[in-house]
Number of protein chains: 2
Amino acid sequence: MAESLPGASRNTKQRGEILGLLRQTDDFRTAQQLYADLRSQGSGVGLTTVYRALQTLVDAGEADTMRLPSGEQLFRLCGQGRHHHHLVCRQCGRTVEIDGPAVESWTDRIAREHGFTDVSHTLEIFGTCSACAAKPE
Amino acid sequence: MAESLPGASRNTKQRGEILGLLRQTDDFRTAQQLYADLRSQGSGVGLTTVYRALQTLVDAGEADTMRLPSGEQLFRLCGQGRHHHHLVCRQCGRTVEIDGPAVESWTDRIAREHGFTDVSHTLEIFGTCSACAAKPE
DNA sequence: ATGGGTGCAAATAATTTGCAGGTAA
DNA sequence: TTACCTGCAAATTATTTGCACCCAT
């Protein structure tokens, strides 16, 4: 009969630390930032491990990933499994998950009208959150 | 009194070649692809120059730029100066400029409702165009 | 025991920058 | 002239991969 799931991931100390850090905030962060945070709190986790753990989470649907206009990849734990978008503060990275059913159907319709199939899209909103707008600098 | 515009760009042979290539298609392409094309058609333009010319065009509002989900930066000449989005074929890169006034106001409203200011957004649609869908492989 | 997980160093890849020499205006 | 432009090489940055060793199961 069937053997145990081939893709099952292990509970290592490193992944625990990475997950713990990710759970501390809802904000999007780069692998490099997470790595730096881990280091500064005394963890010996390697950068490679951070990248691999994040990719594993994304593949498992447990983390969201997106790119800044500058191209850097961002990660955060998933608030919900389904498709959604993000409103991200440019200053502090504060993130709000956004649902846009109207946008979903609009993009699909537009694409179909142009003869495109197998449609997907990316939509991210950037701005300055109220907390950051209140700060002097 | 005021001296001539400091940012005026010159008509060099290299920029002419790059522009000529860009004008041959409406599709989005990477700097590396453009560079390779120039080389294969015998041009001696350097990769650095391609990058700098493209950035200059973007800064001048004469070129659009966007990123694939994979992070690679794409460029193409601007069909219009104003803000707009793109419907891009994953297979051949065929691009259609899309206008979405409703999306613009929606993103602004959502952002404001969450206390965000200085709002911007990115929205790109990907799919398979009819020509590519018709191909056997 | 064993197959996935880890870390370091090296490899990729896409851009960018330092510089010395070239050139449009 | 002279400020901007070029190209090559070197430097940056982000991310991935090779590998030998380690550990959760």
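Quantities reported herein were computed from a predicted structural model and do not represent experimental measurements.
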Expressed in angstrom and rounded to an integer, what is the separation of A:Tyr35 atom OH from D:dT15 atom C1'? 14 Å
Check this for me: does the side-chain of B:Thr48 come within 3.5 Å of the base of C:dT15 through a donor and an acceptor? no
In plain terms, say whether B:Arg94 and B:Asp26 are close enough for a salt bridge, that is, a side-chain N and a carboxylate O under 4.0 Å apart. no
Roughly, in whole Å, what's the span from NZ in B:Lys13 to C1' in C:dG22? 12 Å
Donor-acceptor pair present, B:Arg52 side chain and D:dG7 base, under 3.5 Å: yes
Rounded to whole Å, please give me the gap between CD in B:Gln14 and C1' in C:dA24. 11 Å
Hey, which of these two, B:Asn11 or B:Tyr51, hits DNA chain C nearer its 5' end, going by closest nucleotide? B:Tyr51
Heavy atoms under 4.0 Å, any strand shown: does A:Gly71 hit a base, just sugar-phosphate, or nothing? nothing
Rounded interatomic separation in angstrom, taking CD from B:Gln55 and P from D:dT6: 14 Å
Measure the distance from CG on B:Leu54 to P on C:dT15 and round it to the nearest whole Å. 10 Å
When you check the phosphate oxygens OP1 and OP2 of D:dA24, does a side-chain N or O of A:Arg15 lie under 4.0 Å from one of them? no
Do A:Glu97 and A:His85 get their side chains close enough for a donor-acceptor pair, meaning under 3.5 Å? no
Could you report the tightest heavy-atom contact between A:Phe28 and A:Val88, atom names first, then the distance? CD1-CG2, 4.3 Å
For C:dT23, does the base pair up with any side-chain atom of B:Arg10 as donor and acceptor (N or O, under 3.5 Å, distance only)? yes
Over all strands shown, is B:Gln32 touching base, sugar-phosphate only, or nothing at heavy-atom distances under 4.0 angstrom? base
Distance-only donor-acceptor check, side chains A:Ser43 and A:Glu17, under 3.5 Å: yes
Roughly how many Å is it from CG in B:Leu34 to P in C:dA14, rounded to a whole number? 13 Å
According to a strict under-4.0 Å criterion, is B:Thr30 in side-chain N/O contact with OP1 or OP2 of C:dA14? no
Whole-Å distance between D:dA14 C1' and B:Glu72 CD? 13 Å
For A:Thr56 and for A:Arg39, locate the closest nucleotide of DNA chain C by heavy-atom distance; then report the residue assigned to the nucleotide nearer the 5' terminus. A:Thr56
For atom CD of B:Gln73 and atom P of D:dT15, their distance in whole Å: 15 Å
Going by atom types only, do B:Gln41 and B:Asp37 share a side-chain donor-acceptor pair under 3.5 Å? no
